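Chain naming here is simple, since letters A, B, ... match the order of the sequence lines and numbering starts at 1 in each. From a predicted model like this one, the values you see are computed outputs, not experimental measurements.
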Number of protein chains: 2
Amino acid sequence: MKYPPKHHLDDNKKHLIEVIKTYPLATIISIYKNQPLITHLPLIFENNKLIGHIDIYNPQANFLNNNNEVTLIFSGPQCYISPSVYSTTQLPTWNYIKVHLKGNVKAIESKASLKQSLISMTEFLEQPEHRYVLEPDNPRLDRNLDYIKMFEITISDWEGKFKLSQDKKPKDTEAARSELIKSNQESIKQFLDKVFS
Amino acid sequence: MKYPPKHHLDDNKKHLIEVIKTYPLATIISIYKNQPLITHLPLIFENNKLIGHIDIYNPQANFLNNNNEVTLIFSGPQCYISPSVYSTTQLPTWNYIKVHLKGNVKAIESKASLKQSLISMTEFLEQPEHRYVLEPDNPRLDRNLDYIKMFEITISDWEGKFKLSQDKKPKDTEAARSELIKSNQESIKQFLDKVFS
């Protein structure tokens, strides 16, 4: 028996890129002294590479250097699937979409490239409404450039983990999909009230 | 300058436990041959420990043994914060809630404990509506017990990363919070349509 089951792997690169573009917050993992060093940063997919910017005081910045290998996780929607949503008899499970990548880092030293990249990233993230434009003459932007390090990651390994009840009957796959949408729209306000009380 | 800034760390253990209980899907990271081995599994917080179950064919199962150390990430809501949501002038940022833990694993060999634990986990996850009950005499449950391994994790390190614009004016913190709620309710249906087209 092979693990994971084939129906839970997605080798359609277009789907994986769609996850990265819709959920850009990446979990970046380096290994230091046999321990994972973990940082969460948005990365933008451009020309088959990932572009990011990091606070120079973040310990992870030391690992975002030329030829270092990093592991990345992009996280799509996820939720518990109650057997009650199916028309057939099933056991409880958890559905989720995750993309695991490995890649090699290249540090970009040019402050002009950093500035242009921050402007482009903002333009990408402000889609489709563009309520805000990061202007090249923004004084706050210029003041911050010395404290931000730019890097790009060339992806060497792609793995899509799409656990979405694809092995069930079409009706049940659809029910699981509706549950995923519903579940991600609930609970967040209630949760934030608890955490900020 | 210390990193991360203190206002982005939450040392209130109650808040961290609230994240774990609301967002039980954990990212489990072990280190093998200097590479991270990554698995996504729901873990239930009980008596100050985390309880989980894993497919015996998952390579991660070999690392969920006595005294092995694992790193865990629990992920709360996250979103891009456009400066346009603030009343003051700011740069673009990303808000998120993550809980990072380290812990030591103990394998639980008893099949009776596994069975009871699967029943309790289902009861926890079916809250508050309890649309489904996993019955002890469910034949599918019994057939699966030999292929599932139970483990518990004793937490040794807690770190809460609550990046929620807490350093801004109250009005702007509130605006960022509304954005987080709104953003997590959008885009998911559109995204799933793309991925399944």
Side-chain angles (χ1 to χ4, degrees), chain A residues 1-4 15 18-19 22 24-25 27 29 31 34-36 38 40-42 55 57-59 71 73 75-78 80 82-84 89-92 94 96-98 100 118 121-122 125-126 131-132 134 138 140-141 144 161-162 177 180-181 184-185 187-189 191-192 194-196, chain B residues 1-4 15 18-19 22 24-25 27 29 31 34-36 38 40-42 55 57-59 71 73 75-78 80 82-84 89-92 94 96-98 100 118 121-122 125-126 131-132 134 138 140-141 144 161-162 177 180-181 184-185 187-189 191-192 194-196:
Chain A
M1 185 177 178
K2 268 206 74 180
Y3 189 92
H15 290 173
E18 203 57 58
V19 175
T22 312
L25 186 69
T27 298
I29 306 174
I31 305 295
N34 218 35
Q35 293 282 330
I38 302 164
H40 308 281
L41 278 184
D55 184 325
Y57 293 110
N58 186 325
T71 300
I73 308 170
S75 300
Q78 50 90 16
Y80 168 69
S82 167
S84 67
T89 306
Q90 304 291 343
L91 289 174
W94 208 284
Y96 58 81
I97 294 177
K98 297 274 182 180
H100 290 189
L118 288 166
M121 182 188 251
T122 302
L125 296 173
E126 288 284 345
R131 292 174 292 169
Y132 174 84
L134 184 55
N138 183 316
R140 224 172 252 250
L141 174 58
N144 274 277
K161 295 178 176 283
F162 285 63
R177 172 204 174 94
L180 194 61
I181 294 170
N184 279 266
Q185 296 183 344
S187 83
I188 176 169
K189 192 175 170 306
F191 163 74
L192 288 174
K194 275 189 197 162
V195 166
F196 285 102
Chain B
M1 187 179 176
K2 268 205 76 182
Y3 189 91
H15 290 173
E18 203 57 56
V19 175
T22 312
L25 185 69
T27 298
I29 306 173
I31 306 294
N34 217 37
Q35 292 281 330
I38 302 164
H40 308 281
L41 277 183
D55 184 324
Y57 294 110
N58 186 326
T71 301
I73 308 170
S75 300
Q78 50 90 17
Y80 168 69
S82 166
S84 66
T89 307
Q90 303 290 344
L91 289 174
W94 208 285
Y96 58 82
I97 294 177
K98 298 274 182 180
H100 291 190
L118 289 167
M121 183 189 250
T122 303
L125 296 173
E126 288 283 346
R131 293 174 292 169
Y132 174 83
L134 183 56
N138 182 317
R140 222 171 253 251
L141 173 60
N144 275 277
K161 293 176 178 286
F162 286 62
R177 173 205 173 95
L180 193 62
I181 294 169
N184 278 267
Q185 294 182 346
S187 84
I188 176 169
K189 192 175 171 307
F191 164 74
L192 289 175
K194 276 190 199 163
V195 167
F196 284 101

Peer 1: Please flag which part of T27(A) lies under 4.5 Å from any non-hydrogen atom of chain B: side chain, backbone, both or neither.
Peer 2: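 Only the side chain of T27(A) comes within 4.5 Å of chain B.
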Peer 1: Quick check: closest heavy atoms across I31(A) and P36(B), and the distance to 0.1 Å?
Peer 2: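 Scanning both residues completely, I find the closest heavy atoms to be CD1-CD, 3.8 Å.
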Peer 1: For E126(A) and Y80(B), work out which heavy atoms get closest and say how close.
Peer 2: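 Residues E126(A) and Y80(B), closest heavy atoms: OE2-OH, 2.6 Å.
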Peer 1: Contact part of Q78(A) toward chain B, heavy-atom cut-off under 4.5 Å: side chain, backbone, both or neither?
Peer 2: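 Just its side chain gets close to chain B.
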Peer 1: Heavy atoms only, distances under 4.5 angstrom: which of L134(B), T71(B), L91(B) has the most pairs with chain A? Name it, please.
Peer 2: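 Heavy-atom pairs under 4.5 Å are most numerous for L91(B).
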Peer 1: Please round to the nearest 0.5 Å and tell me the distance separating atom OG1 of T89(A) and atom CG of N138(B).
Peer 2: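 Result: 8.5 Å between the selected atoms.
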Peer 1: Could you measure the distance from the NE2 atom of H100(A) to the OG atom of S75(A)? Nearest 0.5 Å is fine.
Peer 2: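 H100(A) atom NE2 to S75(A) atom OG measures 7.5 Å (nearest 0.5 Å).
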Peer 1: Measure distances from I38(B) to the heavy atoms of chain A and classify the residue's part below 4.5 Å as side chain, backbone, both or neither.
Peer 2: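 Both backbone and side chain.
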Peer 1: Heavy atoms only, distances under 4.5 angstrom: which of I29(A), T122(A), N58(A) has the most pairs with chain B? Name it, please.
Peer 2: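 The answer is N58(A).
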Peer 1: Between L25(B) and chain A, which part of the residue has a heavy atom less than 4.5 Å away: side chain, backbone, both or neither?
Peer 2: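 Looking at L25(B), backbone and side chain both touch chain A.
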Peer 1: Just so I understand: if I count every heavy-atom pair under 4.5 Å between each of P83(A), S82(A), P92(A) and chain B, which residue has the most?
Peer 2: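 The option with the most such pairs is P83(A).
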Peer 1: Find the distance between CG (L125(A)) and CH2 (W94(B)) and round it off to the nearest 0.5 Å.
Peer 2: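 Reported value, rounded in 0.5 Å steps: 5.0 Å.
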Peer 1: Less than 4.5 Å apart, side chain to side chain, heavy atoms only: is that true for Y96(A) and L180(A)?
Peer 2: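 Counting from C-beta outward, Y96(A) and L180(A) never come under 4.5 Å.
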Peer 1: Can you see which heavy atom on Q90(B) is nearest to which on Y132(A), and at what distance?
Peer 2: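 Closest pair (atom of Q90(B), atom of Y132(A), distance): O-OH, 3.8 Å.
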Peer 1: Heavy-atom pairs under 4.5 Å with chain A are the metric here; pick the option from H40(B), M121(B), Q35(B) that has the most.
Peer 2: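 Result: the option with the highest number of such pairs is H40(B).
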Peer 1: Counting only heavy atoms closer than 4.5 Å, note whether I73(B) contacts chain A via side chain, backbone, both or neither.
Peer 2: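 Looking at I73(B), just its side chain touches chain A.
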